[in-house]
Structure formats: C-alpha cells, structure tokens
Amino acid sequence: GAFAQAESESTSSRGPWGKRQAMKSGHVAMQYKQLLGYEKGPDGKPRIVPEQAETVRFIYQRYLAGDTLRAIKSKLEAQGALNAIGKQEWTIKNLLSILSNEKYCGDALLQKTFIQDCISKKVIPNTGQLPKYLIQNHHEGIVSRETFDAVQLEMARRNAKAGATRKST
C-alpha cells in the first residue's frame, strides 16, 4: 500500500509541475464557463462577448455609484440579465467574484488556489504557500484598470466600515 501511495504521489506531482512551468512562461488557462463576458476566440485567446460585457460594466458602475450587492442583484434580476451559466438568478457570491476578478481589467493572476495533496484532492487558497504569477495586459479588459482599482478600494473601504460596526456592537 505504501509503494502504491508513493507512486500515486509521484505521478500526481508531475501534472502540477508542468502547469507551474506553463505559468512561469506566461501561459494562461481561462475557465470560460465561469467567466461572464468572455469566450474563447478562434485564435484561442479570450474574446469579449458584447452583451455579457455590458452586464459586467453595469455591475462595476452600480457598485461605484454606491449600490449594495443586494441592490445590484435585484436590478440584474429585474432586467433579466443572465449570469455566466446562463441563468437569471444572481448571488452575492457571483457579484463579489466579478468585482474582485482581475481578468475583467485584462490581467491574469495565476495559481490563486492549489490542490493540497493527491489523496484528498482538496483545493485550498494560495495564501503564500506557492508563488503567484501576474500577467498584466494579457487580454482586452472589459473595464479599465482605473475602474477595477477603484472598485477594489471601495470594497476594502466597505469591508473596513462593516468590520468597525460589527466590533462596536
């Protein structure tokens, strides 16, 4: 059993090693099924889907205008806007993912998560255990870098404010 496990671990380590080498060289594998606003173009590079891109821009604009995530969710559902999987139901998690994903300004941050081990196959967030690779200007952004950065600052401000009110009560 121990030999079989050692062989399994050895085989499993070769896949991630190859992926890390590809990341180092700037190769980005995008998950289009979960990424609203982009599709794989004929050249293999990300291509913007205009109708979906408008939805993404709407989310960013409303957030910067001061709308809460619940208010944005209600507006999207009232408009009948479709999410990445083609449904009209939106979640707060959906919206947070769109607002915090650097791919929408044209960058790609690689190795945000990794698989802990070959036995459990548990995916965990990379909080410094492995290097992350940022590829700037990888593809055309749906929102400007300034808009993306402004949303990140606003999210931090709202989180800090929410944390302060939680601690004071």
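In what follows, every heavy atom counts, from backbone to side chain, and hydrogens, waters and symmetry copies are set aside.
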Report the hydrophobic cluster partners of Leu134, with the cluster defined as I, L, V, M, F, W, Y residues connected by side-chain heavy atoms closer than 4.5 angstrom, directly or transitively. Leu109

All side-chain hydrogen bond (donor to acceptor under 3.5 Å, both in side chains) counterparts of Asn101, not counting sequence neighbours: none

Counting C-beta onward and ignoring hydrogens, is there a side-chain heavy-atom pair between Leu82 and Gln88 closer than 4.5 Å? yes

Neighbour count above 12 (heavy atom, 6.0 Å) for Glu140 CD: no

Separation between NZ (Lys73) and NZ (Lys75), nearest 0.5 Å, reads 14.0 Å

Over all heavy atoms of both residues, which pair between His139 and Pro46 is shortest? Give the atoms and the distance, please. CB-CG, 3.8 Å

Contacts of Asn94 that satisfy side chain to side chain contact (heavy atoms under 4.5 Å, CB included) - sequence neighbours left out: Asn83, Trp90, Thr91

Side-chain touch Val49/Tyr38, heavy atoms, less than 4.5 angstrom: no

Tell me if the CZ atom of Arg158 is crowded by more than 12 foreign heavy atoms within 6.0 Å. yes

Is the count of non-hydrogen atoms from other residues, nucleotides or ligands lying under 6.0 Å from Lys40 atom NZ greater than 12? no

Work out which heavy atom in Ile48 is nearest to a heavy atom in Ala53; give both atom names and the distance. CG2-CB, 3.6 Å

Assess whether side-chain contact (heavy atoms from CB on, under 4.5 Å) is satisfied between Arg145 and Asp107, documenting all intermediate values. CA-CA 9 Å; Arg145 189 172 312 279; Asp107 295 346; 2.4 Å; yes

Of the non-hydrogen atoms in Cys105 and Ser144, which two are nearest, and what is the gap between them? CB-O, 4.1 Å

With heavy-atom distances below 4.5 Å as the criterion, would you say the side chains of Met155 and Leu69 are in contact? no

Checking Ser74 side chain against Arg70 main chain: does a donor-acceptor pair fall under 3.5 Å? yes

Heavy-atom side-chain contact between Val143 and Val151 under 4.5 Å: no

In Å and rounded to the nearest 0.5 Å, what is the OG1 to CG distance from Thr55 to Leu76? 6.5 Å

Output side-chain donor-acceptor pairs under 3.5 Å for residues 57-65, partner residues at least two apart or in another chain, one line each.
{"unit_1": "Arg57", "atom_1": "NE", "unit_2": "Ile142", "atom_2": "O", "d": "3.0"}
{"unit_1": "Arg57", "atom_1": "NH1", "unit_2": "Glu54", "atom_2": "OE2", "d": "2.8"}
{"unit_1": "Tyr60", "atom_1": "OH", "unit_2": "Ile98", "atom_2": "O", "d": "2.8"}
{"unit_1": "Tyr60", "atom_1": "OH", "unit_2": "Leu99", "atom_2": "O", "d": "3.4"}
{"unit_1": "Arg62", "atom_1": "NE", "unit_2": "Asp67", "atom_2": "OD2", "d": "2.8"}
{"unit_1": "Arg62", "atom_1": "NH2", "unit_2": "Asp67", "atom_2": "OD1", "d": "3.1"}
{"unit_1": "Arg62", "atom_1": "NH2", "unit_2": "Asp67", "atom_2": "OD2", "d": "3.4"}

Would a 4.5 Å heavy-atom cut-off, applied to side chains only, mark Gln52 and Glu39 as touching? no

Gap between atom NZ of Lys45 and atom NE2 of His138 - 0.5 Å precision: 7.0 Å

By side chain to side chain contact (heavy atoms under 4.5 Å, CB included) - contacts of Leu153 (at least two apart): none

Tell me whether Asn126 contacts the main-chain N or O of Gln129 through its side chain, where contact means a donor paired with an acceptor under 3.5 Å. yes

Sequence-distant partners of Gln31, side chain to side chain contact (heavy atoms under 4.5 Å, CB included), two or more places apart: Gln34

